[in-house]
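Report on one structure; see the data block that follows.
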Amino acid sequence: MNVFSYLLGVIQGEIENLSSAGTLPAGLDLGAVSVEPPREAAHGDAACNAALVLARQARRKPREIADSLAARLEERAEIRAVEVAGPGFVNLRLTDDFWRARLAELLATGAGYGAENLGQGRPVNVEYVSANPTGPLHVGHARGAVVGDALANLLQHMGFAVTREYYVNDAGAQVDTLARSVHARYREACGEAIGAIPEGLYPGDYLVPVGEALAARDGRRWLDRPEEDWLPEVRAFAIEAMMDLVRADLDALGVRHDLFRSERALVGEGRVDDAYAALEADGLIYRGVLEPPKGKRDVDWEPREQSLFRATAFGDDSDRPLRKSDGTWTYFATDIAYHRDKVERGFSDLIDVWGADHGGYVKRMKAAVSALSGEGATLDVKICQMVKLLDGGTPVAMSKRAGRFVMLREVVDEVGKDVVRFIMLTRRNDAPLEFDLRRVTEQSRDNPVFYVQYAHARACSALRRGAEVVPEAALAPAALAGIDLSSLEDAAELDLIRRLCQWPKVLAGATLAHEPHRIAFHLQELAGAFHLLWTRGKDDPRLRFVDAERPAKTLARLALISALKIVIAEGLALFGVEPVQEMR
RNA sequence: GCGCCCGUAGCUCAGCCGGAUAGAGCACUUGAUUCCUAAUCAAGGGGUCGCAGGUUCGAGUCCUGCCGGGCGCGCCA
């Protein structure tokens, strides 16, 4: 049960009762009424704003409405106390039995607790990573990869039919540069002295084995031939090799995609022409000349008449060109075709996860999706801000000019995929992220991965100890769901139960807002409440989880621990992180 | 010059669809270890929510204008 949804239903029912009784006018719009856990514990278990948001419609003072509502709610068995507070909040306190019943419910449900069919099988397309196939992934890519993957997991968990996609930009000038770079390494592998890698080509060592592999496959046949002869072959070979690298990197991070969509294939299949024709048919393409960007010095600018997409009709700041002067498509044109492809495959909910450097591209892509779907599809773009890599507080030098990026693989090898994944989700996607290689492996309170994992490990430890006192079969969550929980009466125990019961609300909120980081924060709160309780057991033996003298109480406490373990494990699973059983 | 994102405690950051006395960790001070992992926990001080207006019962949250930082601005992707 989502306690807050349940209470909202109860309150809506009581408001309707008040309307029927004539206390309130009929036909009130209850859309703005909400029930939430209050920030202040002193305000009870749940707070409702109904009286405040209905006051205007009902032409009544908030406190009057609140008093009427409170009088009705007091009659309900599961509600221990109702108070009207502040400007007209209705604060509810639920009975301990109510909370204990929710704990039993959690245990009976097990791993799926909080999973609600919000999506009703609605298809959602999540596109993430989509790094150019010109080299291995670096740490910046990791953030988008993890955010996209976790978001996809979350949506899937909540009943959406998710497809995970990677757009392979294998059609532009960059892959031609890649091909030339590989050709240089190929000549090197064939025994030619190539000296320094020429300016403008990719100098990375990772292309050496690609050149060697090409030489091994094709021998010397591409050596003394003009570029136009070898470029397509070498390019195809190189792209395949780069995508193998990328897939290996993603695999190391535990990130997977359902579909890799090739830009080159999209062009080859004529899908870009189709998209262009469709926009043209809707009168959204015209010949025109763009204004040069103001204030940006650009000596090469010359006015040029070209085909423009009327993006301004859909909220963009400028109309956008679709063809380069050499007649080939712009990146935007092929991306329009790709998004049209998604819509035609039945998706009307599109999510793209991009790096911060693409922020200026959001409006035009949203405009394009509106245009090509007849306003029927929506695009949500999650922009991931920079990852600032530190080592013990000092920045790790990452110079784009020198081509010195820290590779995703190096970081995963050093701290492990679970640490990378969790840390990447401890910030909102649109806030910059500090990633300190030293700190994230420390075993201390300020390392959130450790803190949450330690809570899980402690829970496992107590359950192992518990099995020495009571039969192991009795510790299965389904069995614990049926026991007497009435000995859970300490404030810290009930506080932990309440926080566990917020899980369905957290999941639903994170899903609808497309914000997986909320889960990371909730897991840290749960871990905190649990560590507190654990330490209280040091002072007060009655709160110890395992007590051989009192098997019944032990069972009740282990039920609480088992529920915590279920929720933490579930949250970590959504993040693609393995919960640890022990830390030694 | 224009667009997007950000600005909350000394530092790193939460803050849900506009709700009550703005929260957490770190750092600092003090305290807790026979006993389920003290790898933890408790207490204390610390704020003009960048600035100024506006909207309303109520603004960190919405609107406008400034200030500061990041990203980007036709034939790169």
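Labels below follow one simple rule: chain letters A, B, ... track the order of the sequence lines, proteins then strands, and each chain is numbered from 1.
- Scored by the side chain to side chain donor-acceptor pair (under 3.5 Å) test, A:Y167 finds A:T334 as partners (sequence neighbours excluded).
- Looking at A:R323 and A:T330, their side chains never bring a donor and an acceptor atom within 3.5 Å of each other.
- A:D352 meets the salt bridge (Lys or Arg N to Asp or Glu O under 4.0 Å) test with A:K342; sequence neighbours excluded.
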Give me the distances for all protein-to-nucleotides 55-58 of chain B N/O pairs that come in under 3.5 Å?
from: B:U56; atom 1: O3'; to: A:R56; atom 2: NH2; distance (Å): 3.3
from: B:C57; atom 1: OP1; to: A:R56; atom 2: NH2; distance (Å): 2.8

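- For residues 303-324 of chain A, no pair satisfies ring-ring contact (aromatic ring centres under 6.0 Å, His included), with sequence neighbours left out.
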_Across nucleotides 2-11 of chain B, 5' to 3', mark each nucleotide with B, S or - according to how protein heavy atoms within less than 4.0 Å reach it._
-SSSS-----
_For Watson-Crick and G-U wobble pairs within 3.5 Å on both distances, what is RNA chain B written in dot-bracket notation, | included for inter-strand pairing?_
(((((((..((((.....[...)))).(((((.......))))).....(((((..]....))))))))))))....
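- In this structure, the CD atom of A:Q524 is 12 Å from the C1' atom of B:U12, given to the nearest Å.
- When heavy atoms are screened at a 4.0 angstrom cut-off, A:H358 is found touching base atoms of the nucleic acid.
- Looking at the side chain of A:F521, the nearest of the listed nucleotides B:A77, B:A14, B:U40 is B:A14.
- Ion pairing between A:K553 and A:D547 fails under the 4.0 Å rule for side-chain N and carboxylate O.
- Taking atom OH of residue A:Y361 and atom C1' of nucleotide B:G74, one finds them 13 Å apart after rounding to whole Å.
- Closest to the side chain of A:N132, from the set B:A77, B:C71, B:C16, is B:A77.
- Nucleotides B:A20 and B:C26, compared at atom P, are 26 Å apart to the nearest Å.
- Rounded to whole Å, the separation between the P atoms of B:C13 and B:G1 comes to 28 Å.
- Under the side chain to side chain donor-acceptor pair (under 3.5 Å) criterion, A:D176 pairs with A:R235, sequence neighbours left out.
- If you take atom P in B:U29 and the same atom in B:C71, they sit 38 Å apart, rounded to whole Å.
- Listed for the A:R428 side chain is no donor-acceptor partner under 3.5 Å among the backbone atoms of A:H517.
- Side-chain atoms of A:N132 never come within 3.5 Å of backbone atoms of A:N169 as a donor-acceptor pair (strictly under, hydrogens ignored).
- With sequence neighbours excluded, no residue forms a salt bridge (Lys or Arg N to Asp or Glu O under 4.0 Å) with A:R458.
- Straight-line distance between the C1' atoms of B:A22 and B:U8: roughly 8 Å, to the nearest whole Å.
- Rounded to a whole Å, the CG atom of A:L560 is 14 Å from the C1' atom of B:C36.
- Applying the salt bridge (Lys or Arg N to Asp or Glu O under 4.0 Å) test to A:R445 and every residue at least two apart in sequence or in another chain returns nothing.
- Minimum atom distance to the side chain of A:W534 is reached by B:C36, of the listed B:A42, B:C36, B:G72.
- Where stacking is scored as ring centres under 5.5 Å apart with planes under 30°, A:H43 registers as stacked on the base of B:A20.
- Taking only side-chain nitrogens and oxygens, A:Y451 comes nearer than 4.0 Å to OP1 or OP2 of B:C41.
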Which donor-acceptor pairs under 3.5 Å do the side chains of residues 29-36 of chain A make with protein atoms, sequence neighbours left out?
from: A:D29; atom 1: OD1; to: A:G31; atom 2: N; distance (Å): 2.9
from: A:S34; atom 1: OG; to: A:N49; atom 2: ND2; distance (Å): 3.4

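- For A:R427, counting side-chain heavy atoms from C-beta on, the closest listed nucleotide (B:G74, B:G15, B:U12) is B:U12.
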Under 3.5 Å between N/O atoms: give me all the protein pairs with nucleotides 26-35 of chain B, atom names plus distance.
from: B:C35; atom 1: O2'; to: A:R544; atom 2: NH2; distance (Å): 2.9
from: B:C35; atom 1: N4; to: A:K538; atom 2: O; distance (Å): 3.0

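- For A:F89 and B:A20, the ring-to-base geometry satisfies the stacking test (centroid distance below 5.5 Å, interplanar angle below 30°).
- Side-chain N/O atoms of A:N91 and base N/O atoms of B:A20 include a donor-acceptor pair closer than 3.5 Å.
- Nearest-nucleotide assignment on RNA chain B puts the 5′-proximal partner with A:L433, out of A:L433 and A:G86.
- Nucleotides B:C66 and B:A24 are separated by 32 Å at their C1' atoms, to the nearest Å.
- Where A:A173 and A:F545 each meet RNA chain B at their nearest nucleotide, the meeting point lying more 5' is that of A:F545.
- Under the rule for a salt bridge (Lys or Arg N to Asp or Glu O under 4.0 Å), A:D67 has no partner lying at least two apart in sequence or in another chain.
- Within 4.0 Å of A:T330, counting heavy atoms only, lies no atom of the nucleic acid at all.
- For A:R536 against B:C41, no side-chain N or O and base N or O form a donor-acceptor pair under 3.5 Å.
- Salt-bridge check for A:E434 with A:R427: failed, with every basic side-chain N at 4.0 Å or more from each acidic carboxylate O.
- Side-chain proximity of A:R39 to the nucleotides B:G60, B:C16, B:G72 is greatest for B:G60.
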